[in-house]
Enquirer: 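Shown below is the structure under consideration.
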Amino acid sequence: MGYLEKLNPQQREAVQHTEGPLLILAGAGSGKTRVLTCRIAYLIEHCGVRPWNIMAITFTNKAAGEMRERVDGLVGMGSEAIWVSTFHSSCCRILRRYIDRIGYDNSFTIYDTDDSRQVMKAVIKELELNPKIYKEKALLGKISAAKNNLVSPDEMEADASRWEEKQTARAYRAYQKRLKKNNALDFDDLLVLAVELFEKAPDVLESYQERFRYILIDEYQDTNTVQFRFVKLLAEKYRNICVVGDDDQSIYKFRGANIMNILNFEKSFPGAKVIKLEQNYRSTQSILDAANEVISNNSGRKEKKLWTDNGQGTRVRFREFQTGYDEAEFVAGEIAKKVREENRSYRDYAVLYRTNAQSRLFEEKMIAADIPYKLVGGVNFYSRREIKDMLAYLKTVDNGLDDLAVQRIVNVPKRGVGATSLARVQNYALENGISFYEALQDADRIPGLGRSLNGIRKFTTLIGRLRAAGREYLNVREILEMIISETGYVAELEEEGTDEDKARIENINELVSKTADYMEQAENPSLSEFLQQVSLVADIDSVDPDGDYVLLMTLHSAKGLEFDYVYMTGMEENTFPSYMAVSGEDSEELEEERRLCYVGITRARKELTMTAAQMRMVRGEPQFLRASRFVREIPRDLIELEGETTDTRNFMKPPEVSMDRIMKFGTVGAERGYGSFGSRPVRSPRGQAGNHYSLNQFRVQKADHLDYQEGDRVRHVKFGDGTVQNIKDGGKDYEVTVDFDTCGVKRMFASFAKLKKI
DNA sequence: CGTAGTTTTGTTTTT
DNA sequence: CAAAACTACG
């Protein structure tokens, strides 16, 4: 009972408004998870709602796990009957049970992005599309967008006017056909087919409507059209739907998220109650001020302003460096120092960036500084080659119709079955309308296989043995171990013994322990269920809250998390906001980037540091960059620069001169769209010199000539003397290669290297 | 058939 | 600067 008293009035109202549609507009850090969990407890304890009548949908499995844990603590008995999961897992669970009603087999497998690409490649070949024009990635993107908007291949074709659109629709249809033939669904299908199931089988829908009388949706601002449809169908009958979201944190438009779902909630569910949570319990006022300032540049928001009584805290720090290298060194160095000297933990820190590609430098510096870290995202554990191989074996054992899995491993490890033989088998399968695996079993009857036949036999007997073992006495872990030993996969890696191979063995061992974990945790474990669970995990799900390490991740992955100390890195135009968003004519995209920035800022509890580099390598090319507009949208007096004191902002010299001012009158000229920002009073247009953001030069000037040439002896401050080997005009700067006497050949940029002829 | 080397291509963000 | 896709050779 005590939990109600701990809530503020708005939170309590949200918990107690149990009947009818409810929209909770929850600003960052306003305690929405607490509201959701208390609400569940309240429903059960005070309203007599039975646990199995409640469904809660979260964005990631991690969030689901955390919520489940907190609900367990509050409710105790029976809480396991509550469905707490992601959209994808919920749909998957429903489909596992009923998908046969719409013509699929209940033992379907789930394809990841990589698998989908393989399928699409085959489709492009089949339809004889010009691969120069129709890239599988682009096609898949369009198909995914269509699915998220519940557009079928037929509808797409009907809407198509241009030739290419017609072709895309054809590809879409062929792709679906292939998936179905393989008894596979892609990520989007999980949602689309669940909706299709509900629409085609009213009795199934009805049974779920009866079951889920109280529905709660977290991160509602990131739902897309299919998800909305799914929720709407489920909630239609009892209308006890509670959604929590923050339009300012909508950052998944590229994935089809429809911000209208939250903005129009009251229209979709007439009579909806709306409650705003604006008190922030997470961050300091300084951090919130910065966040509020940045986000206020967006239009079409639901007006709200976060406040806190946590106290002012220190100002947001901004540091600019010459290169991304220096930036990473600073971040790593500072974390190492603070942990050492101020008794902080690594887990208090997060390093955020816009794209995964930026993680490399940080990783390197973390290793150099001996800082334990965890990289979230990037190459997913389950998409590593060795893991995919192992999973392909498991999938083949589980579902013989999954051609893709079979094709992946027929010849792994090498069994002497090459591309030509595989093509023959494929043909045979096609002609006889059977699956690839069935064709392999028929290999004797396929002409022209020659030596491959042996390998194929080896393969099919192995799979046969595995299947028999699985049916009779082995569990998931044991099957995997059998695969490992029978194929000699690990043994082969051990022989090679390079670092990479060792890492692969590690990964395989990790997979084995994951199967062991699964065996312990599952109620009635099955291979299919294991594979399904595995394909729906996000990288963030594996972050252990007790682990003491610095987290490195994209701003997107950071959503829903919080840290004492946050570094937002790569705060440069064209990096963040990304080049795509800046050059695109669509201002929507820029607003989404700004929301992403808002998400980033509000992750910080105590201290936020923004960093930027003046130059970084992008695609092997040096790029010269200037500070992000988002930094400049934070008023100058909320920012602390290098060399300034850390304490309160009252000491700040020129008050209320904000950064966009500086941009207008300062070094870099106003660019497109820049002049249109709000009209803060101009105090001193000339005051820019003193409060310039960077203590360094803003832009690197390319020298019009160099006072040394190839063959000359030069001196470098750090590397000493050397001979110039090569000078290349890189457009914005000269790239100089020097062979140093003491430390060998280095390549550098003339304007940074400051080489002196001797 | 398998491998090693070469060329090309490409970048947001993720369940 | 990668990874992926191709190509040519053993």
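Just so it is clear: chains get the letters A, B, ... in the order the sequence lines come, proteins before strands, and each one is counted from 1. Values reported hereafter were calculated over all heavy atoms of this structure, with side chains retained and with hydrogens, waters and symmetry mates removed. Worth saying up front: this structure is predicted, and the values here are computed from it rather than measured.
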Enquirer: The side chain of A:K414 lies closest to which of these nucleotides: B:dT3, B:dT12, B:dT14?
Expert: B:dT3
Enquirer: In terms of side-chain heavy atoms of A:M580, which of B:dT15, B:dT12, C:dA2 is nearest?
Expert: B:dT12
Enquirer: Think A:K559 forms a cation-pi with A:F59, using NZ or CZ under 6.0 Å from the six-ring centre and within 45 degrees of its axis?
Expert: yes
Enquirer: Starting at the 5' end of DNA chain B and moving along, which residue's nearest nucleotide shows up first, A:N411 or A:L536?
Expert: A:N411
Enquirer: Separation of A:D115 atom CG from B:dT14 atom P, in whole Å?
Expert: 19 Å
Enquirer: May I ask you to check whether A:Y111 and A:S535 show a side-chain donor-acceptor distance below 3.5 Å?
Expert: no
Enquirer: Below 4.0 angstrom from OP1 or OP2 of B:dT14, is there any side-chain N or O of A:T113?
Expert: no
Enquirer: Partner of C:dG10 by Watson-Crick or G-U wobble geometry, both contacts under 3.5 Å, or none?
Expert: B:dC1
Enquirer: Looking at every strand, decide which applies to A:S89 at a 4.0 Å heavy-atom threshold: base, sugar-phosphate, or nothing.
Expert: nothing
Enquirer: Taking the six-membered ring of A:F530 as reference, does the NZ or CZ atom of A:K514 fall below 6.0 Å from its centre and within a 45° cone about the axis?
Expert: no
Enquirer: Whole Å only: how far is the OH atom of A:Y111 from the P atom of B:dT15?
Expert: 21 Å
Enquirer: Can you check the A:Y325 OH to C:dC1 P distance for me, whole Å?
Expert: 14 Å
Enquirer: Would you mind reading off the distance between A:E364 atom CD and C:dC1 atom P, rounded to a whole angstrom?
Expert: 12 Å
Enquirer: Rounding to a whole Å, what distance do you find between A:K559:NZ and B:dT12:P?
Expert: 20 Å
Enquirer: Can you tell me if A:K137 touches the phosphate of B:dG10, counting only side-chain N or O atoms and a distance under 4.0 Å to OP1 or OP2?
Expert: no
Enquirer: Give one of base, sugar-phosphate or nothing for A:R117, where a contact means two heavy atoms less than 4.0 Å apart.
Expert: sugar-phosphate
Enquirer: So, under a plain 3.5 Å distance rule, would you say the side chain of A:R619 forms a donor-acceptor pair with the base of B:dT11?
Expert: no
Enquirer: How many Å lie between CD on A:E219 and P on B:dT15, as a whole number?
Expert: 12 Å
Enquirer: Indicate, with yes or no, if the rings of A:Y252 and A:F254 have centres closer together than 6.0 Å.
Expert: yes
Enquirer: Which base, if any, makes a Watson-Crick or G-U wobble pair with B:dT15, both distances under 3.5 Å?
Expert: none
Enquirer: Using whole Å, what does the distance between atom C1' of nucleotide B:dT11 and atom CD of A:Q623 come to?
Expert: 12 Å
Enquirer: Please say which of A:R354, A:M610, A:R629 ends up in a side-chain contact (heavy atoms from CB on, under 4.5 Å) with A:F576.
Expert: A:R354
Enquirer: Please work out if A:Q358 contacts a base, only the sugar-phosphate, or nothing of the nucleic acid, heavy-atom cut-off 4.0 Å.
Expert: nothing
Enquirer: Does B:dT13 have OP1 or OP2 under 4.0 Å away from a side-chain N or O of A:K253?
Expert: no
Enquirer: Compare side-chain N and O positions of A:N148 against OP1 and OP2 of B:dT15 and report whether any pair is under 4.0 Å apart.
Expert: no
Enquirer: Check each of A:K388, A:R408, A:K121 against A:D115 using the salt bridge (charged side-chain N to carboxylate O under 4.0 Å, His left out) test, and report the only one that passes.
Expert: A:K388
Enquirer: State whether A:R360 places a side-chain N or O below 4.0 Å from either non-bridging phosphate oxygen (OP1 or OP2) of C:dA2.
Expert: yes
Enquirer: State which of B:dT15, B:dT14, B:dT13 makes the closest approach to the side chain of A:T355.
Expert: B:dT13
Enquirer: For DNA chain B, whose closest nucleotide is more 5', that of A:K135 or that of A:F87?
Expert: A:K135
Enquirer: Taking the cut-offs as 6.0 angstrom to the six-membered ring centre and 45 degrees off its axis, would you call A:R96 and A:F108 a cation-pi pair?
Expert: yes
Enquirer: Please report the distance, rounded to the nearest Å, between CD in A:E136 and P in B:dG10.
Expert: 10 Å
Enquirer: Base, sugar-phosphate, or nothing for A:R595, non-hydrogen atoms under 4.0 angstrom?
Expert: nothing
Enquirer: Below the 4.0 Å mark, does B:dT12 have OP1 or OP2 next to a side-chain nitrogen or oxygen of A:N356?
Expert: no
Enquirer: Closest to the A:T554 side chain: B:dT12, B:dT14, C:dC1?
Expert: B:dT14
Enquirer: Identify whether a stacking contact exists between A:F254 and B:dT13, where the ring centres must be under 5.5 Å apart and the planes under 30° apart.
Expert: yes
